[in-house]
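Quick notes on the structure that follows.
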Amino acid sequence: MDRRTFIGATGIGVGLTGCLDTNRTDSSGGNGTDDATKPRDSTDAATDSDDRRAGTTDSSDTDGSSDGSGKTDAKPDESDDPGDESTDSKRDVAFDSCTRATVTGSFEDGDVALASTGFYDDGLYGNTLLEDGVAFGTDVDAPFSGTVVFEIADGSTVRERDGEIVVEISEYGSDGTVISSLTTQRTDYERVTPTHENPHASDCLSELAPDDG
């Protein structure tokens, strides 16, 4: 199966949409003051006029219980998995050259280390997204502490070498292939986006680009 994508021929996009109905009206919801406005007979009215004190109505009690405490039971939204980002910040990522990159740290079951590439093939630019790498606990054992090495090579394979995990990436382009980024967070993997961009990718690719002159 040819996993290459040539720019201009296809595009990949990921988006999330949400809808919030701000016009909803709850027909049964009141302001908590219905009980305070019930009609009373003349005896009750006379008694209440002598004993009335501020802040003793039902509506005040309701408001005070919700606003006066200064506390909230709301919990922070943990849907973005901040622990994943914290763990990733402890890993060291390096782009040693156009064709070699490493990530060193600790990886748990479910973590990923994947590479994307850019290349030129017969003068045409193309790329791959998250095609080469490993999922810990699936492709390799987890937990793992050490270095994952990504290298452009003659073939595509994953192997162990001197305590390291080596991910060999095949040459996708006849004119050369560059490691353009690494994805090391689960959330980025789900969004098909890079976690670490190769800061030298543009220079590397410019050396492979055809000379129009």
Donor-acceptor pair between Thr177 and Glu171 side chains, under 3.5 angstrom: yes
Shortest non-hydrogen contact from Ser170 toward Asp154: CB-O, 4.4 Å
Atom pair NE2/CD of His200 and Glu207 - distance to nearest 0.5 Å: 11.5 Å
Minimum heavy-atom distance Ala115-Ile179, with the two atoms named: CB-CG2, 4.4 Å
hydrophobic_cluster_shared for Val93 and Val166, side chain cutoff 4.5 Å: no
Pair Thr117-Thr128, side-chain donor/acceptor within less than 3.5 Å: yes
Side chains of Val134 and Phe107 in contact at under 4.5 Å (non-hydrogen atoms): no
Side-chain touch Phe136/Val148, heavy atoms, less than 4.5 angstrom: yes
Donor-acceptor contact below 3.5 Å, side chain Ser116 vs main chain Leu130: yes
Closest non-hydrogen atom pair, Gly133 against Phe150: CA-CE2, 4.0 Å
Under 3.5 Å: donor-acceptor pair, side chain of Asp175, backbone of Gly123: yes
Qualifying residues under salt bridge (Lys or Arg N to Asp or Glu O under 4.0 Å), relative to Glu197, sequence neighbours excluded: none
Glu164, CD: over 12 other non-hydrogen atoms inside 6.0 angstrom: yes
Heavy-atom side-chain proximity of Phe119 to Ile152 below 4.5 angstrom: no
Partners passing ring pair (Phe, Tyr, Trp, His ring centres under 6.0 Å) against Phe95 (at least two apart in sequence or in another chain): none
Exercise: identify the closest heavy-atom pair between Asp132 and Tyr172: OD2-OH, 2.8 Å
Any donor-acceptor N or O pair under 3.5 Å, side chains Ser174, Asp122: yes
Heavy-atom closest pair, residues Ala142 and Gly137: CB-N, 3.6 Å
Option from Thr184, Thr147, Asp111, Thr195 for which side chain to side chain donor-acceptor pair (under 3.5 Å) with Arg91 holds: Asp111
Any donor-acceptor pair under 3.5 Å from Asp188 side chain to Thr183 backbone: no
Taking every non-hydrogen atom, the tightest pair across Glu108 and Pro143: OE1-CB, 3.6 Å
Salt bridge (Lys or Arg N to Asp or Glu O under 4.0 Å) involving Asp141 - partner list, sequence neighbours excluded: none
